Amino acid sequence: MGDGDRVKKTIRFVLNGEKRAVDVAPQETLLETLRERLGVKSPKCGCDRGDCGTCTVMIDGRSVRSCLVLGVEVDGAVVTTLEGIMENGELSPLQQAFLDRNSFQCGFCAPGMIMSATELLARNEKPTREEVQEGLAGNLCRCTGYSPIIDAVLETAGVVSKGGSDERS
Amino acid sequence: MPITHSFDYQKPGTLREALALLARKNAVALAGGTDLIGYLKEELVSPELLVDLKGLKELKRIEHRGGALHIGALVTFAEVIDSKVIGKKLPVLAEISKKVASVGIRNRATLVGNLCSAVPCLDTGPILVAMDALVLVKGKKGSRKIPAEKWFIAPRKTARKPGELVTGISIPLPRGKAAACYLKLGRYRGEDLAQASVFVSIEQSSRGAKARNFRVAFGSVGPVPCRARKIEKALAAGGALIDMVALTKLVPAEISPISDIRASKEYRLHMCQVMLERALAAADGRLNGTGPAYGASLL
Amino acid sequence: MSGHKFIGKSVVRVDGKAKLTGAAAFVDDLEFGPGLLHAVIIESPHAYAKIKKIDFAKALGVEGVVKVVTGKEFPYRFGLYMHDRYVFAQDHVRFVGEQVAAVIARTPAVAKEAARLVKVEYEVLKPVLDVETALEEDARLIHPELGNYHHVPWFFPKKDTNIAHLRKVRKGDAEQGFREADHVFDDTYMVPRYAHCSIETHGAIGLFDHSRRLTVWAASQSPHTQRHLFAEALAPLGLKHKDVRVIAPSVGGGFGGKAGVSMEILAAALATTVQGSPVKVHWTREQEFYNTYQRQGVVAKMRVGVKNDGTITALEQKLYWDAGAYVEYGANVVNAAGLSASGPYRIPNVHIDSVCVYTNLPPGGPYRGFGYSEFLFGLESHFNEVAKKLGIDPVEFRRKNAICTGDVLNYGGKMNPSGLLECIDKVAREIDWGKRRVSDDPRKAIGKGFALFWKAPAMPPNASSTAFLKFNEDGSLNILVSAMEIGQGFLTVMAQIAAEVLSVPPEKIRVETPDTDRNPYEWQTVASHITWGTGNAVKKAAIDAREQIFDIVSSALGQPRESLYLDDEQVRSRSDAGFGLPLRDFVINGIMMKDGTFRGGPIIGRGMFMPEFASALSDPETSQGGKPNVHYTVGASAIEIEVDRETGRITIPKVVLGVDCGKVLNPDLLKGQVTGGMVQGLATVLYEDMRFDGKGRLLNPNFTDYKIPTALDTPEEIVSIFVEHEQPDGPFGARGVGEHTMIPAAPIIANAIEDALGIRIRSMPITAEKIALAIRDS
């Protein structure tokens, strides 16, 4: 990162299932640590003030805005990003639903949105539409108008019927 | 844009260590960070030391004890929403918490952090001021309990002295049956800072179901949360009858809204009147079991 | 008509998996190694000022700073349709936030710190912050050199004024039309500026390597146009087009904002000052708000003449556009709107003045809808008022005056085939027009609003698309185009088009974002014309490949050429049921003859589409005689709203949009445009509210105070209705739809509010506050 003159702290944490140790400067955000130091690019910087949700990752199973967390704060924690959602390279059922429904367009909000949706379903197996809207309200999307994303979350929860791409027209 | 200001970071394991670190010059406490990190980026603060409180597990407690709800400084809005104790004893606090920002912010942001920010639009202000809550503060010289109304001094200014740490809050609970409502004016249903807010609590007095105690406070329509004592008095005098026409006329005297890019003072005043009526109706209904569920959208 | 295997199906997006897994790389994700330099821009705090001195000695002295650059290094004007813009401000700054200088350093933090040390001395001038002031007799000229600016032949700047362009439309005789009318109704409507708010901000990295070859990686809708503008702007450095390369990664939304060249010029120019090192310029969200294109504001003064039976006899529109400090792109918005500001109506006498006015505010530019949303708010609101005054049902009024195939357009051309009446009927039926619901909540009023809409692509008459198509050893294929995937899903639709022609399923077709070195030319991804233009090019390329395939198979294997067809990735013959040659057997390797020699070889298809019937030449005083628009896409839209009379808040149980897309190529993706576009449109009328202070500074350059909808703010139900009146020159009959879905949003809301409350609001945004206070005051 080219900041050799800053005093650093060593943090040890689990990132996407792997034990990591890395030296961070106190003033770097978790978002910067992930993207610039560790090459984890799925969390994005959309506003840098916690308004847009594109930087969303999970700390100990809870979604957070990584642009408002310092890297040093995750010492001892378990951090998960979109890259860690898949198992053995397979899409999670939620990701599969998004794929089949063509839910996303430009895809920039997708990593953050998927993290929030994953947390939502982990904590609430059968959410109502309103609960899904609430759970995703912190992730801004400009392209889709949200309904195909909400539909896919409800489908994954088994609340709406599966609508594969061939059947719908 | 990176934070260019350099500072040290320490994470103490005990309250004693924390207080010693905070006594240092230019030391600042870090809890949820959703305000502080933002301030650092905007260069509104330039501390030399950040003291991370998240190692202090004793600040995580939510307890019902001695007729009051005790909430530790590290309790997040998400934890308030999940808390069974709060759901049972003071469900309106969960209602308020659900209106703060969004899930990803609530998972980190703390109630105490919110009241320490003392921004005029803060969501925790009205309930704390209305319910005569106490802010529990510890310093090297000992502890203090500061009544909420004395806590908020001016925008972004509280009664906390340098080196002092807020360890939690305590909210005295009504003795009898009670219900409450918090309404918040935003520009839409999504995440927004309050342009105006109303907190209303109705408690059945021990003197019988007919006599009731009212607590009313407005937020974001004055430099600090506004306890609406004139309105409370008029409500108490009215007994079972709520005369909204008369109450509406009292609102302008209780608040001092401004016009800014979020809303005009005319609309803020108008909405305080509308929200007061709806909050009273909701609290009244909740008190006799016919009201909307806590968290329902009433605006 | 049907019987298509891939066309008309909701094929899964070819880029879906990449976007869902984090594999998709956006410009900020690209790595350039430890040699990457970072630029921070020094911006003007004033809306209008003379630059007297720039002192950067201190900044240059900071360790880690490599260079400080000012306008002195780049005294060249550039621009898309007019050359009125600079890389860095020269003698004057013209809007708050305009780039004045740049610090290039080894880390972003050093660049940020050093930038603080650059001292600029200004002589502050009184800014011109609104159209009225800009048009005063003795108004200060924002561009005194306007008379010398290069521009496209269809612009008409008025030198020695702040009028950058005036588009005049004179069809028939408006005065006569008003005389013939039974009633003449006037009104004025106001639409402010808006921000695109793509979730990804602008960003670009430039590298001028030691062989003096410039490469720019940019989040761009227009890689080839950018390459052209970079080469033009930097021509004094001796750059040729072949030495300029633009690579576009995945783009996180554009909506027009990433078209043309705005901040990307900085990456290109700065790269030339630090030869051998890549330099990155990345916009913060604040810069995204105040220093990228904005949607221009407009004041629309209109006059309509009607007969008692509702027939429109004449329309006069005066559109005054707040176009900002530089109008190299925005002037075309004014132009396009001017040509079409009658809406999709049959009006014999039309008089339009569309005036592009310079102001000391951020530059206006392309935004989804390109001027049509802006004028439609006033037009459709006004027509509703007119219908009401005549006692005619608003939908009936529109049916009566709707433009039909063959009707004369404002500039003299003829209206293309369109299903406008079908859209009107279907939308009216879907929204249950004519039936009034009453809420059981006495505080709520329910109303319905209706509007028509249209738009034609606004492009130069020679805007072109090209495509290469190449097979791989396993029979899969790659399509190389330079149109940009900005979310709309065009990559997938190109795969579907090629799939249909070549019988290779879309999952075996790769289409990706371009590199101008490798991918053939595309003008820009704007104007809702890619499905049509690039789709045509891809179809031609696929047909070209197919023809080569048939040529080779018939000559090598003796199969009668006319009997050959493709099915299921094989060449088959109608005259020989047993014949089936898999494509993969020969599309790279050729066909082996009995003697061991080979015929054929790698199959490469090529396609080019450029309309040969469009022309921008017309009478400058009347716009008659030109054919500036290739065709119009039309439609109708309706909404039902519930308004809370106390709070002013609106909830939307249902919104319907019917559009004639010619041919539905991919239902999912098309619906995605309707849902996304309509929500974006509703946001402009209900929530988005740009606030400038008295000195021209944007007060809410962030999402905290410029509100775009969240998942909680969507209508309960959005119904899409697709009508298919084929576009004769479109691929499989398709025409574009991307922008149209947001265009009717503002007037349907305004009309529904009038229906519910009897209150007509004539300025946007129509916030809850505006409604509540209007109710209170009425």
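Below, chain A is the first sequence line, B the second, and so on; all start at residue 1. Keep in mind that this is a model prediction, so the values were computed, not measured.
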Interface moiety of Thr21(C) toward chain A, non-hydrogen atoms closer than 4.5 Å: both
What I want to find out is whether Asp28(C) reaches Lys41(A) closely enough, with some N-O distance under 4.0 Å, to be called a salt bridge. no
Heavy-atom proximity to chain A below 4.5 Å, by part of Ala109(C): side chain
Shortest non-hydrogen pair, Phe255(C) vs Cys143(A), comes out as CZ-SG, 3.8 Å
Counting heavy-atom pairs under 4.5 Å with chain C, which one of Ser42(A), Cys45(A), Cys47(A), Gly138(A) comes out on top? Cys47(A)
Check each atom of Ile149(A) against the heavy atoms of chain C and say whether the ones under 4.5 Å are side chain, backbone, both or neither. neither
Minimal non-hydrogen separation, Val251(C) against Cys106(A), with atom names: O-CB, 3.5 Å
Between Tyr146(A) and Pro709(C), the two heavy atoms sitting closest are OH-O, 2.6 Å
Show your working on side chain to side chain contact (heavy atoms under 4.5 Å, CB included) between Asp668(C) and Arg101(A) and close with a plain yes or no. CA-CA 8 Å; Asp668(C) 265 1; Arg101(A) 279 185 175 266; 5.5 Å; no
Do Ser198(C) and Arg142(A) come within less than 4.5 Å of each other through their side chains, counting heavy atoms only? no
Chain A contact via Phe722(C) - which portion, at a heavy-atom distance below 4.5 Å: neither
Is chain C contacted by the side chain of Leu99(A), its backbone, both, or neither, given a heavy-atom distance below 4.5 Å? both
Taking the basic N atoms (NZ, or NE/NH1/NH2) and the acidic carboxylate oxygens, is any pair closer than 4.0 Å for Arg129(A) and Glu717(C)? no
Part of Pro34(C) within contact of chain A (heavy atom distance under 4.5 Å): neither
What heavy-atom pair brings Phe98(A) and Leu20(C) nearest, and what distance separates the two atoms? CB-CD2, 3.5 Å
Take Asn102(A) and Lys671(C) through the test side chain to side chain contact (heavy atoms under 4.5 Å, CB included) and record every step on the way to the result. CA-CA 10 Å; Asn102(A) 286 319; Lys671(C) 267 190 228 159; over 6 Å; no
Side chain, backbone, both or neither: which part of Ile114(A) has a non-hydrogen atom closer than 4.5 Å to chain C? side chain
Using non-hydrogen atoms only, which part of Ile199(C) is less than 4.5 Å away from chain A: side chain, backbone, both, or neither? both
Considering only heavy atoms, which portion of Ala683(C) lies under 4.5 Å from any heavy atom of chain A: side chain, backbone, both, or neither? side chain
Looking only at heavy atoms, which two atoms of Val679(C) and Gly145(A) are closest? And how far apart? CG2-CA, 3.7 Å
Pick whichever of Glu134(A), Met86(A), Arg35(A) has the most heavy-atom pairs under 4.5 Å with chain C. Arg35(A)
Do any N or O atoms from the side chain of Arg13(C) and from the backbone of Gln105(A) form a donor-acceptor pair under 3.5 angstrom? yes
Answer with side chain, backbone, both or neither: which region of Gln673(C) has an atom nearer than 4.5 Å to a non-hydrogen atom of chain A? both
Checking Thr144(A) against chain C: side chain, backbone, both or neither under 4.5 Å from a heavy atom? backbone
Can you tell which of Gly64(C), Ala24(C), Gly672(C) has the highest number of heavy-atom pairs within less than 4.5 Å of chain A? Gly672(C)
Counting only heavy atoms not in Lys654(C), do more than 12 fall under 6.0 Å of its NZ? yes
Under 4.5 Å from any heavy atom of chain A, what part of Thr201(C) do you find: side chain, backbone, both or neither? side chain
